[in-house]
Amino acid sequence: MADDGLNIYDEIEIEDMTFDPNIQIYTYPCPCGDRFEIAIDDLRDGEEIAVCPSCSLMIRVIFDLSDLPKAETQSTSGVAVQA
C-alpha cells in the first residue's frame, strides 16, 4: 500500500498512546516537544495517520477497530450525563 507521498516518522501501537475521553483524542509524544494527535472518530473512519500540530512529523497508528472505545452515542436518551 502506498503512503501517497507521506513521510511517516514512525508506526505506533494504539496501546502506547494516551486517550483523553473528554475530547476523544489519542495523543503520543513528538520529538519536537509537542504531541501527535488523532481523533477517535478519524480512527473509526479508517484514518491511521496522526499529525503533530507544531511540526511536520506524522505517525501511523496501528490498531483494530474492535479495540477502540465504544461510541457514547449509544445511550438511551441520546444525552451524555456527567456524574
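No path of Ile, Leu, Val, Met, Phe, Trp and Tyr side chains, each step under 4.5 Å between heavy atoms, connects Ile23 with Phe19, placing them in separate hydrophobic clusters. The cluster map of Ile, Leu, Val, Met, Phe, Trp and Tyr, joined by side-chain heavy atoms under 4.5 Å apart, puts Leu57 and Ile25 in different clusters. At a threshold of 4.5 Å between side-chain heavy atoms, the hydrophobic network of Ile, Leu, Val, Met, Phe, Trp and Tyr places Leu43 and Met17 in one connected group.
Only one option out of Thr18, Val61, Leu68, Asp20 pairs with Tyr26 in a side-chain contact (heavy atoms from CB on, under 4.5 Å); it is Leu68.
The distance from atom CD1 of Ile62 to atom CD of Glu11, rounded to the nearest 0.5 Å, is 4.5 Å. Rounding to the nearest 0.5 Å gives a distance of 12.0 Å between CD of Glu48 and CG of Asp42.
Counted within 6.0 Å of OH on Tyr9, heavy atoms from surrounding residues, nucleotides or ligands total 12 or fewer; the atom is thus considered open.
At least one side-chain heavy atom of Cys52 sits less than 4.5 Å from a side-chain heavy atom of Cys32. At least one side-chain heavy atom of Cys30 sits under 4.5 Å from a side-chain heavy atom of Cys55.
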Pair Phe36, Thr27 - check side chain to side chain contact (heavy atoms under 4.5 Å, CB included), show working.
CA-CA 5 Å; Phe36 296 102; Thr27 61; over 6 Å; no

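Taking the side-chain contact (heavy atoms from CB on, under 4.5 Å) definition, one finds that Asp45 meets it with nothing, sequence neighbours left out. With sequence neighbours excluded, the residues that form a side chain to side chain donor-acceptor pair (under 3.5 Å) with Asp41 are Arg44. Considering only residues two or more places apart in sequence or on other chains, Ile49 meets the side-chain contact (heavy atoms from CB on, under 4.5 Å) condition with Leu6, Ile8, Glu47, Val51, Met58, Arg60.
The shortest heavy-atom contact between Arg35 and Pro53 is O-CD, 3.1 Å.
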